[in-house]
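As the structure is a computational prediction, the values presented were derived from the model and not from experiment.
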Amino acid sequence: MLQVLVIGGGLSGCTVACELAAGGAKVTVAEKTGQAGGKVRSYGCKATDKCNNCGVCLVGGLFEKAEKNSNIDIICNAKLVDVTGGPGDYSAALKTPEGIRYVNSLSSIVVATGFEESPASSGHLQIDGKLGIVRGLELEALMKGRSKESLFDKAPQSVCFIQCVGSRDKKEGAMNCSRVCCSYSTRAAKVIRQIYPECRITFFYMELQAVASGDYFASLEELGIEFIKSRPLKITAESPATVEYEDMASGGLCRREFDIVVLSDGIHPPDDAEMTAELCRLGQDKDGFLKIAGDSWDSGVFVSGCAKRPMKIEETWADSVAVASEVLARWRKI
């Protein structure tokens, strides 16, 4: 029987595990937190009066399916500390609260360690205080817990989104585009507009990434959402919060007040990406994401989902299905 270790039990890891189990494999999932599901388990649907294609529906029931599958063993609070052996016969050592647990006779290893959000302070952006500031993952949790009439504790008169927080920033060591920020923030803005029709919504951005077909951002402007091409320099988090930014036309410094400031966090490699790369004999790209050093077909080690680069939910799901198919094809060929 094909035996596979999947490192990471988030969207990618559980998708890979379910696909492999359906193909007849025995799968062990090593999840570093206390529950499978990763960050996406707390994401909220961003439908308004219609579906806005945020991708959250794709993960409905996924984690419960993985947890109940008899061919999938999910080990929570587990950290990979060693990998020995070679292609077709790997052994892995996992550090758990109960001690070291060994997983042997592994034909393949799939690294699906996901991503981390941006640090609390972002290189170019000075943030004084926390009042009225909402991070990306906090916004997702609010979306999940919202009612038809309420999202925030108090109805805001004004909300701004600051894009590319932790991305496209040399000081942050992350020059890459995270690709997901425009998607989740603009869809969240539609929800805010629906719940609070009188709320003033503003986006500060460097450049806007494709989210949907057609003139997507023009449709948002038709909803009364404002877009300002400028990268804010400072946020003073009071009630209301003050955002300082450069007017790109005049070069002067402007200040605007908002009840809520949303920091559209980018995607960073996990803090332990370098260690994972060393243990699994992988490489890293210039941004720190994992990549295959040689050939997965020869080594039996694969990288899936956001461990390899920033991906949206639907992209992560599709990539994970493809990786699982490749693992199964390699096993059947061998």
(request) Using modelled atom types only, decide if a donor and an acceptor are shared between the side chain of Ser42 and the backbone of Lys39 within a distance under 3.5 Å. (result) yes
(request) Using modelled atom types only, decide if a donor and an acceptor are shared between the side chain of Arg281 and the backbone of Val301 within a distance under 3.5 Å. (result) no
(request) Grab the two heavy atoms, one from Ile267 and one from Phe289, that are nearest each other, plus how far apart they are. (result) O-CZ, 3.8 Å
(request) Could you verify whether a donor N or O on one side chain and an acceptor N or O on the other, from Gln126 and Asp128, lie under 3.5 Å apart? (result) yes
(message) Under the criterion side chain to side chain donor-acceptor pair (under 3.5 Å), I'd like the reasoning laid out for Asn104 against Ser91: C-alpha separation, chi angles, the key distance, then a yes or no.
(response) CA-CA 4 Å; Asn104 302 312; Ser91 293; 3.1 Å; yes
(message) Side chains of Thr236 and Thr242 only: does a donor on one sit below 3.5 Å from an acceptor on the other?
(response) no
(request) Tell me, yes or no, whether the heavy-atom count around Lys65 atom NZ, taken from other residues, nucleotides or ligands under 6.0 Å, exceeds 12. (result) no
(request) First locate atom CD1 of Ile260, then atom CG of Leu151, and finally report the distance between them rounded to the nearest 0.5 Å. (result) 7.5 Å
(request) Ignoring hydrogens and angles, state whether a donor on the side chain of Tyr216 or Thr186 is under 3.5 Å from an acceptor on the partner side chain. (result) yes
(request) State, without any angle test, whether Ser12 and Ser304 hold a side-chain donor-acceptor pair at a distance under 3.5 Å. (result) yes
(message) For Lys95, I'd like to know if atom NZ has over 12 heavy atoms of other residues, nucleotides or ligands within 6.0 Å.
(response) no
(message) Under 3.5 Å, is there a donor on one side chain and an acceptor on the other for Ser264 and Gln163?
(response) yes
(message) On a heavy-atom basis, which atom in Ala241 and which in Val261 lie closest, and how many Å separate them?
(response) CB-CG2, 3.9 Å
(request) May I ask you to check whether over 12 heavy atoms, not counting those of Lys26, lie within 6.0 Å of atom NZ? (result) yes
(message) Set out, in order, the CA-CA distance, both residues' side-chain angles and the distance that settles side chain to side chain contact (heavy atoms under 4.5 Å, CB included) for Ile235 and Ile162, then state yes or no.
(response) CA-CA 10 Å; Ile235 302 171; Ile162 299 180; 3.5 Å; yes
(request) Inspect the contact between Arg135 and Glu140 and indicate whether a charged nitrogen and a carboxylate oxygen are less than 4.0 angstrom apart. (result) no
(message) Between Lys130 and Glu238, does any side-chain N to carboxylate O distance fall below 4.0 Å?
(response) no
(message) Using side-chain heavy atoms (C-beta onward) and a distance below 4.5 Å, is Leu11 in contact with Thr316?
(response) yes
(request) Please answer whether the main-chain N or O of Val16 pairs with a side-chain N or O of Glu19 as donor and acceptor at a distance below 3.5 Å. (result) no
(message) I'd like to know if Arg41 pairs up with Glu31 as an ion pair, taking the criterion as any Lys NZ or Arg NE/NH1/NH2 lying under 4.0 Å from an Asp or Glu carboxylate oxygen.
(response) no
(message) Taking Asn52's backbone N and O only, do any of them form a donor-acceptor pair with Arg187's side chain (distance below 3.5 Å, no angle check)?
(response) yes
(request) Flag yes if more than 12 heavy atoms outside Glu274 fall under 6.0 Å of its CD atom; otherwise flag no. (result) no
(message) Minimum heavy-atom separation for Ile133 and Glu138, please, with both atom names.
(response) O-OE1, 3.9 Å
(request) Would you check if Val56 and Ile313 make a side-chain contact, meaning some heavy-atom pair closer than 4.5 Å? (result) yes
(request) For residues Ser108 and Phe302, determine if any side-chain heavy atom of one lies less than 4.5 Å from a side-chain heavy atom of the other. (result) yes
(request) Would you check if Val110 and Ile7 make a side-chain contact, meaning some heavy-atom pair closer than 4.5 Å? (result) no
(message) Working to the nearest 0.5 angstrom, can you tell me the gap between Lys190 NZ and Cys54 SG?
(response) 11.0 Å
(message) Please report the interatomic distance CG(Asp265) to CD(Glu117), rounded to the nearest 0.5 Å.
(response) 5.0 Å
(message) Working note: Phe161 + Phe204, criterion ring-ring contact (aromatic ring centres under 6.0 Å, His included); need CA distance, chi angles, decisive distance, verdict.
(response) CA-CA 6 Å; Phe161 289 80; Phe204 292 96; over 10 Å; no
(message) Rounded to the nearest 0.5 Å, what separates atom CG in Leu125 from atom CG in Leu233?
(response) 8.0 Å
(request) Please report the shortest heavy-atom distance between Ser105 and Asp89, naming the atom on each side. (result) CA-OD1, 3.6 Å
(request) Decide yes or no for Val27 and Asn71: does some side-chain heavy atom of the first lie under 4.5 Å from some side-chain heavy atom of the second? (result) no
(request) Applying side chain to side chain contact (heavy atoms under 4.5 Å, CB included), run through Val327 and Leu20 and close with a yes or a no. (result) CA-CA 8 Å; Val327 173; Leu20 289 175; 3.8 Å; yes
(request) Using a strict 4.0 Å threshold on nitrogen-to-oxygen distance, state whether Lys32 and Glu116 make a salt bridge. (result) yes
(request) Decide yes or no on side chain to side chain contact (heavy atoms under 4.5 Å, CB included) for Val134 and Leu263, but give the supporting numbers first. (result) CA-CA 6 Å; Val134 176; Leu263 304 182; over 6 Å; no
(request) Return yes if some donor-acceptor pair links the side-chain N/O of Asp319 with the main-chain N/O of Gly305 below 3.5 Å, else return no. (result) yes
(message) Measuring only between side-chain heavy atoms, which start at C-beta, is Val81 closer than 4.5 Å to Ile100?
(response) yes
(request) Just say parallel, tilted or perpendicular for the rings of Tyr205 and Phe227, cut-offs at 30° and 60°. (result) perpendicular
(request) Report the distance from atom CD of Gln209 to atom SG of Cys182, rounding to the nearest 0.5 Å. (result) 5.5 Å
(message) If you count heavy atoms of other groups shown closer than 6.0 angstrom to CD of Glu278, is the number above 12?
(response) no
(request) Check Ser299 against Tyr90 and note the closest heavy-atom contact, atom names and distance. (result) O-OH, 2.8 Å
(request) Evaluate the side-chain proximity of Leu80 to Asp82: yes if any heavy-atom separation is below 4.5 Å, no if none is. (result) no
(request) Kindly check if the number of other-residue, nucleotide or ligand heavy atoms within 6.0 Å of CD (Glu244) is above 12? (result) yes
(message) Any side-chain to backbone donor/acceptor pair from Tyr245 onto Lys229? Under 3.5 Å, distance only.
(response) no
(message) Could you report the tightest heavy-atom contact between Pro269 and Ala273, atom names first, then the distance?
(response) CB-CB, 4.2 Å
(request) Could you please spell out the steps behind the side chain to side chain contact (heavy atoms under 4.5 Å, CB included) verdict for Ile228 and Glu226? (result) CA-CA 7 Å; Ile228 299 175; Glu226 177 186 23; 3.7 Å; yes
(request) May I ask you to decide whether Asp73 forms a salt bridge with Arg101, counting only side-chain N to carboxylate O separations under 4.0 Å? (result) yes
(message) Is a donor from one side chain sitting under 3.5 angstrom from an acceptor on the other, for Thr276 and Thr113?
(response) no
(request) Count the heavy atoms of every other residue, nucleotide or ligand shown that sit under 6.0 Å from CH2 of Trp317, and state whether that count exceeds 12. (result) no
(request) Supply the atom-to-atom distance Leu290 CG to Lys308 NZ, rounded to the nearest 0.5 angstrom. (result) 10.5 Å
(message) Tell me whether Asp49 at atom CG has more than 12 heavy atoms from other residues, nucleotides or ligands lying less than 6.0 Å away.
(response) yes
(message) Please say yes or no: joined through hydrophobic side-chain contacts below 4.5 Å, possibly via intermediate residues, are Val262 and Ile195 part of one cluster?
(response) yes
(request) Taking the side chain as every heavy atom from C-beta outward, state whether Val243 and Phe258 have any atom pair closer than 4.5 Å. (result) yes
(message) Is the terminal nitrogen or CZ of Lys144 (NZ for Lys, CZ for Arg) located under 6.0 angstrom from the six-membered ring centre of Tyr43 and within 45° of that ring's axis?
(response) no
(message) Looking at Lys79 and Asp272, is any side-chain nitrogen of the basic one under 4.0 Å from a carboxylate oxygen of the acidic one?
(response) no
